[in-house]
Asks: 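Would you mind keeping the following structure in view while I ask a few things?
First the proteins, then the strands, lettered A, B, ... as listed; each starts at 1.
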There are 2 protein chains.
Amino acid sequence: MEGDGTRGESKSVSGRQSGRRPTLEEVAALAGVGRGTVSRVINGAPRVSERAKDAVARAVAELGYLPNQAARALAGSRTDAVALVIPETEARVFSEPYFLDLIRGVSAELAAADRQLLLTLVRTEAERQRFEHYLAAQRVDGVLLASVHGDDPLPDRIARLGLPVVMNGRRSEAEPVAYVDSDNIGAGRAAVAHLVGRGRSRIATISGPLDMYVARARLGGYRAGLAEAGIQPDESLEATADFTEEGGRLAMRELLERAPGLDAVFAASDVMAAGARGVLREAGRRVPEDVALVGVDDSTVARLMDPPLTSVRQPIEEMGRTMTRLLLQKIAEESGADEAPEQGVGGQPRQVLPTELVVRDSS
Amino acid sequence: MEGDGTRGESKSVSGRQSGRRPTLEEVAALAGVGRGTVSRVINGAPRVSERAKDAVARAVAELGYLPNQAARALAGSRTDAVALVIPETEARVFSEPYFLDLIRGVSAELAAADRQLLLTLVRTEAERQRFEHYLAAQRVDGVLLASVHGDDPLPDRIARLGLPVVMNGRRSEAEPVAYVDSDNIGAGRAAVAHLVGRGRSRIATISGPLDMYVARARLGGYRAGLAEAGIQPDESLEATADFTEEGGRLAMRELLERAPGLDAVFAASDVMAAGARGVLREAGRRVPEDVALVGVDDSTVARLMDPPLTSVRQPIEEMGRTMTRLLLQKIAEESGADEAPEQGVGGQPRQVLPTELVVRDSS
DNA sequence: AAGTATCGTGGGAGCGCTCCCACTCCCGTG
DNA sequence: CACGGGAGTGGGAGCGCTCCCACGATACTT
């Protein structure tokens, strides 16, 4: 059928330059150089004369040339795209703005490097399968993985496919895969130090699920903080929840029962702090007069609480940027293997970003 | 002698140079058919014999064949990718979970259709430029546009490029571009009807910025609701804010001053309601006893407020799904132009999804 | 001076797919 | 019993790019 005309005619609308989109070949012709030279200029390859660079630049500008990504990917076997994987399970677990901030950081950094962001939310096992197919089909150059659970095999599986990976958060202290995390231990310590500074001594904590490293780290920080202040640890002051509001509520009830004399609570997330706050109110404890309260995340929730919640801020967007930078670096090293002199043996890059206490009225 | 050792031997797990992926050609060879036939089977083209279909399916399974997307895109001039554009300006404006929910819906629907999601956050003019380049470079088959401002030229510009577009929300009542919106007028009406049912009669409203259709629509719904209840409209009961908490605070102060006798407030977003709630507390007005409060979005904020906020829920994720479905349909129609189903003359598809009142303690 | 390393360059050879034309069957028809 | 025609098929011709080899020109050796 000739009826396939869509191709030619829909393009003629853009009209401004000659109908079709210009190709490398046309640029080369106009610049009076060969295809190879144009390609080198476009890709910033080293040995090209100034004269050629100039001519090509002019031709590119005149024709409004834009490289065809598909052709590039086919010929160069790379995609200029990076996947950001978010396991939906955790979307509830962390306070919502978290992922948006992370995406923001990743997106910005990727845009700056002229890379595409492929967002993949995997919630079901089926979607996970599908995603692994994706990877196998080499549709991306690398993978960013958001908050992974303690026993998630995905990171290793991806790494085994030979694809560069960087995670947000880690699965354990000795994480073998490259990651960017925030200083969760520091977060716990800072919170406790602050509470101690406010004259509190019966400081309880509501931690996250202990199969998550982030939860263990914050709990560890809490204990370290107590130790540093010379306060005896007391197991009856430690309760475990699941990062949800309801979990925070339950844990707080438990704590009040076990240790009615507590005068402060460090909740490992703002949302859990919100739950705790409700229970405290029901129990007739004033915040901060009777019980001081500190959360983690510095999310909207913290600001909207009554009283506004003191919280440990994580540099989420910055984590997104950092992990992206790390990944791009790994990708670059991988392709130009000879170009990576400093890289030692088997050492995966890891980075831990500092957290910061934001003091409000709840403490 | 097949010197090609297709199977088994190239199992070196060294990682770097992973065993080559099988190509169409190899599948064809194994299935004992031609390339064309395999392509037809893979793409579900019509006239292929059952026998051939079968042989190909078997070969595909055996080799673990996955089509190379880049090659597909190059040869077929389509990308199987869709861009979701979120203008960052509004990220603050709407309550945060909004976009994540939207992304979730889009992502799910796209995954089901085996399409890639390209997320693009444009915050600066520079990023906007870059994005338009992207589009011009035809790296996507279509574009989804999230909450666009009243005077944004982007939708029209994209449409002019000949790319299918579907927006979330609209710029005005007579939106020329295809869109999916929620029933904002209905939201206002429902809120007012509910408040009237609770015996309130001096019902105020805090609306969003009136250059946004969504704000005008909710305000319109509010007025319609009053009219339906036979209540005289009163301009001193209408205040305008900007969808932020601080804006809600300012508007509430203004309202208390202008109309101290008010007994209810319909805020056009939960976040603004939260701001208003603070002011009411400072002013010694109890919620809901003295003043009933209703928001819109049914976000986390609503649940965490004290008392929990009655709010009009929008089906955000469903909007994401719907707009994606619409877009995919447009894309399909565009390529297989003769297939165009019921779609009439020049009419862009539009859909308005219902909202739903979630009653809590604030009213 | 000739020889050798180096730079800058053009262009052939694909990358893996879709498109489409040509071809073979094999049916029904006149 | 030849004939037109549709169903089913194979494979050539690219899509626009990168890779890489070969080549001439320049620069540096000895």
Asks: Here's a test of your reading of the structure: between B:A71 and B:G36, which maps to the more 5' nucleotide of DNA chain D?
Replies: B:G36
Asks: Using the rule given for side chain to side chain contact (heavy atoms under 4.5 Å, CB included), can you reason through B:L102 versus B:M323, listing the C-alpha separation, both sets of side-chain angles and the distance that settles it, and then say yes or no?
Replies: CA-CA 10 Å; B:L102 195 70; B:M323 59 194 285; 4.3 Å; yes
Asks: For a quick test of reading the model: is some side-chain N or O of B:T23 closer than 4.0 Å to OP1 or OP2 of C:dC15?
Replies: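 No, outside the criterion.
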Asks: Given 3.5 Å as the limit, does a donor-acceptor pair link the side chain of B:D152 with the main chain of B:L154, or not?
Replies: yes
Asks: Between A:N168 (side chain only) and A:V180 (backbone N and O only), is there a donor and an acceptor less than 3.5 Å apart?
Replies: yes
Asks: Tell me: CZ of B:R72 to P of C:dC17, nearest whole Å?
Replies: 8 Å
Asks: Could you tell me whether A:D54 and A:R51 make a salt bridge, using a distance below 4.0 angstrom between a side-chain N and a carboxylate O?
Replies: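 Here A:D54 does not pair with A:R51 in a salt bridge, since their nearest N and O are not under 4.0 Å apart.
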Asks: Nearest-Å distance, CG (B:D54) to P (D:dG8)?
Replies: 15 Å
Asks: With axes from five pairs an end, tell me the bend angle of the helix from C:dA2-D:dT29 to C:dG30-D:dC1, nearest 10°.
Replies: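 That helix has its two terminal axes inclined by roughly 40°.
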Asks: Taking N or O atoms only and anything under 3.5 Å, show me the protein contacts with nucleotides 5-7 of chain C, one pair per line.
Replies:
unit_1 : atom_1 : unit_2 : atom_2 : d
C:dC7  : OP2    : A:R47  : NH1    : 3.3
C:dC7  : OP2    : A:R47  : NH2    : 3.2

Asks: From CG of B:L66 over to C1' of C:dG16, roughly how many Å is that when rounded to an integer?
Replies: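 After rounding, the gap between these two atoms is 13 Å.
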Asks: Tell me: CG of B:L74 to P of C:dC19, nearest whole Å?
Replies: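 The answer, rounded to whole Å, is 13 Å.
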Asks: Choosing from C:dT18, C:dG10, C:dC15, which nucleotide comes nearest the side chain of A:V33?
Replies: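 Closest nucleotide to the A:V33 side chain: C:dG10.
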Asks: Is any side-chain N or O of B:R40 under 3.5 Å from a base N or O of D:dG10, one able to act as donor and the other as acceptor?
Replies: yes
Asks: May I ask you to verify if any side-chain N or O of B:T37 is less than 4.0 angstrom from the OP1 or OP2 atom of D:dT9?
Replies: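 Answer no for this pair, as no side-chain N or O of B:T37 is under 4.0 Å from OP1 or OP2.
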Asks: Check the phosphate of C:dC15 against B:N68, side-chain N and O only, distance under 4.0 Å to OP1 or OP2. Yes or no?
Replies: no
Asks: Could you tell me whether the side chain of A:R130 and the main chain of B:A111 form a donor-acceptor pair under 3.5 Å?
Replies: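 Such a contact is found between A:R130 side chain and B:A111 backbone.
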Asks: Look at the side chain of A:R72 and the backbone N and O of A:D80, then say whether any donor-acceptor pair between them is shorter than 3.5 Å.
Replies: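 A pair under 3.5 Å: no.
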Asks: Can you tell me the distance, in whole Å, between the CG atom of B:L24 and the P atom of D:dG12?
Replies: 15 Å
Asks: For a quick test of reading the model: is some side-chain N or O of B:S39 closer than 4.0 Å to OP1 or OP2 of C:dC17?
Replies: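 False: B:S39 side-chain N/O out of range (4.0 Å or more) of C:dC17 OP1/OP2.
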Asks: With a 4.5 Å limit on heavy-atom distance, are the side chains of B:I158 and B:L145 in contact?
Replies: yes
Asks: Could you please spell out the steps behind the side-chain hydrogen bond (donor to acceptor under 3.5 Å, both in side chains) verdict for B:T79 and B:D141?
Replies: CA-CA 6 Å; B:T79 65; B:D141 294 336; 3.0 Å; yes
Asks: Describe the nucleic acid contact of A:A73 in one word from base, sugar-phosphate, nothing, applying a heavy-atom distance below 4.0 Å.
Replies: nothing
Asks: Ignoring hydrogens and geometry, is there a side-chain-to-backbone donor-acceptor pair from A:R139 to B:Q116 under 3.5 Å?
Replies: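 No, A:R139 side chain to B:Q116 backbone: no donor-acceptor pair under 3.5 Å.
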Asks: Figure out the CD/C1' separation between A:E25 and D:dC17, and round it to whole Å.
Replies: 10 Å
Asks: Using heavy atoms to find the nearest nucleotide of DNA chain C for B:Y65 and A:R51 separately, return the residue whose nucleotide is more 5′.
Replies: A:R51
Asks: Looking at C:dT18, D:dT18, D:dC17, which one has an atom nearest to any side-chain atom of B:R78?
Replies: C:dT18
Asks: Any N or O donor-acceptor pair linking the side chain of B:R35 to the base of D:dG12 at under 3.5 Å?
Replies: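 Indeed there is one.
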Asks: Using atom types as modelled and distance alone, determine if a side-chain donor or acceptor of B:K53 lies under 3.5 Å from a backbone N or O of B:V41.
Replies: no
Asks: With a non-hydrogen cut-off below 4.0 angstrom, is B:A52 in contact with a base, only sugar-phosphate, or nothing?
Replies: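 Answer is sugar-phosphate: B:A52 comes under 4.0 Å of backbone atoms only.
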